[in-house]
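Remarks on the structure that follows.
Given the structure is predicted, the values throughout are model-derived calculations rather than measurements. Values reported hereafter were calculated over all heavy atoms of this structure, with side chains retained and with hydrogens, waters and symmetry mates removed.
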Amino acid sequence: MRSVAATGAGDSELGRILLDAWRRELYEGVLVSRSRTLFSLVDELAADQGRCGCPAHLSLGTVTGHAAAYRALRDGEIDTGRALRAACRIAARSGLPRVYAVDTTAWPRPNAATSPDRQPQYTPGGPRGAALIKTGWRYQHVVRLTLTPDSWVVPVLADRITSDDDLVEVTVGHIAQICAADGARPGDPSLFLLDSGYPAARITHLIRERRIPADVLVRLATSQTMWTRPEHRAAHPLGGRPRRHGFRLTLREPDLVDDALRLTL
């Protein structure tokens, strides 16, 4: 049986420490039932580096066998709450800052006609870097950043976004769960980094309304256009409604001045 520890996974000492701690938590409590078989499959899948996604092939390298692997996938249970608490505890023990990255990714399943709730998703792989639209599932991942020049992150939460879900509500719910697990306080909030596809105004409003101890930093897309606050002017003698907006600020314009950007923010 192969193992991620045996294949030399990890490009830093911190990465190896995090990996060892997470494997211990995974075996001792996160996997509730059929833990031995599920742990073997997870270890084999991580060592395989994504080259094989079929459980039948992965079971050939384990000590459990083909039938036990599929019984574990059918009847096994995972304690998601303990997994979240374990990930936050491992990250805090390693001295990592409470800085998280939130983003969604698509799992294309164009040929899985019997899979429920498939939706059109944007996936990479088009000509000249363009995105393709394929039918599949959408997942949201939340990872804790290490702020070191390597590829290691600590995954703390992953959830599938169904067609009935509101992405903003799901995102705010995930932020609330993580803040409750990692010990964030109003005076010491956690920081969440989001991509440009998330509506910053609504997420910020809900976090403030629900008093979640979190700060949010959202990347702005260059296709957005914003308006500054109107200047205070004396009332016109003929009356009329005052101006609602100031000057227009288009982010894709290359000649943006620092004063205008500072005024808008």
Side-chain angles (χ1 to χ4, degrees), residues 1-94 96 104-118 121 136-144 146 151-162 165 170 174 177-178 181-182:
M1 171 184 169
R2 293 181 300 169
S3 170
V4 288
T7 55
D11 49 6
S12 65
E13 185 65 25
L14 176 60
R16 286 188 287 270
I17 294 175
L18 295 178
L19 178 62
D20 181 69
W22 172 247
R23 293 175 76 241
R24 188 179 299 109
E25 290 282 354
L26 188 68
Y27 186 79
E28 293 179 354
V30 174
L31 301 177
V32 180
S33 60
R34 308 267 181 184
S35 59
R36 183 169 176 266
T37 305
L38 287 177
F39 180 81
S40 300
L41 289 175
V42 170
D43 219 22
E44 182 72 18
L45 184 62
D48 193 70
Q49 297 292 324
R51 289 185 292 269
C52 175
C54 180
H57 293 162
L58 293 176
S59 64
L60 298 177
T62 64
V63 297
T64 55
H66 175 82
Y70 275 91
R71 282 196 297 268
L73 293 176
R74 183 191 61 188
D75 302 329
E77 296 181 6
I78 300 176
D79 189 345
T80 57
R82 177 160 181 171
L84 175 60
R85 293 191 298 270
C88 294
R89 184 168 57 252
I90 291 172
R93 190 187 310 158
S94 304
L96 299 181
T104 59
T105 183
W107 182 12
R109 306 205 67 189
N111 300 321
T114 59
S115 296
D117 199 28
R118 293 185 304 161
Q121 305 290 346
W137 287 335
R138 187 182 187 187
Y139 285 85
Q140 178 163 271
H141 300 269
V142 183
V143 299
R144 190 160 177 169
T146 61
S151 59
W152 280 95
V153 294
V154 180
V156 295
L157 196 148
D159 200 0
R160 186 161 72 90
I161 308 297
T162 65
D165 290 336
V170 172
H174 288 170
Q177 293 179 36
I178 295 173
D182 69 357

For Asp182, all residues meeting salt bridge (Lys or Arg N to Asp or Glu O under 4.0 Å), sequence neighbours excluded: Arg98
Salt bridge (Lys or Arg N to Asp or Glu O under 4.0 Å) partners of Arg34, counting only residues at least two apart: Asp75
Hey, could you give me the [atom1]/[atom2] distance between [X] and [Y], rounded to the nearest 0.5 Å?
X	Y	atom1	atom2	answer
Arg82	Leu26	CZ	CG	10.5 Å
Arg138	Thr105	CZ	OG1	10.0 Å
Arg85	Glu25	CZ	CD	10.0 Å
Asp159	His174	CG	NE2	4.0 Å

Min side-chain heavy-atom separation Ile78-Leu31 under 4.5 Å: yes
Contacts of Tyr27 that satisfy ring-ring contact (aromatic ring centres under 6.0 Å, His included) - sequence neighbours left out: Phe39
Non-neighbouring partners of Trp137 that pass ring-ring contact (aromatic ring centres under 6.0 Å, His included), sequence neighbours left out: Trp107
Distance-minimising heavy-atom pair for [X] and [Y]:
X	Y	result
Ala83	Trp22	O-CZ3, 3.9 Å
Arg144	Cys88	NH1-O, 3.7 Å
His141	Ala158	ND1-CB, 3.7 Å

Chi angles and distances behind the side-chain contact (heavy atoms from CB on, under 4.5 Å) call for Thr80, Val30: CA-CA 7 Å; Thr80 57; Val30 174; over 6 Å; no
Partner of Val156 under side-chain contact (heavy atoms from CB on, under 4.5 Å), chosen from Val142, Ile90, Val143: Val142
Which atom pairs, one a donor and one an acceptor, fall under 3.5 Å between side chains of residues 110-117 and the rest of the protein, sequence neighbours left out?
{"from": "Ser115", "atom 1": "OG", "to": "Arg109", "atom 2": "NH1", "distance (Å)": "3.3"}
{"from": "Asp117", "atom 1": "OD1", "to": "Ser163", "atom 2": "OG", "distance (Å)": "2.7"}
{"from": "Asp117", "atom 1": "OD2", "to": "Ser163", "atom 2": "N", "distance (Å)": "3.1"}

For Arg160, all residues meeting side-chain hydrogen bond (donor to acceptor under 3.5 Å, both in side chains), sequence neighbours excluded: none
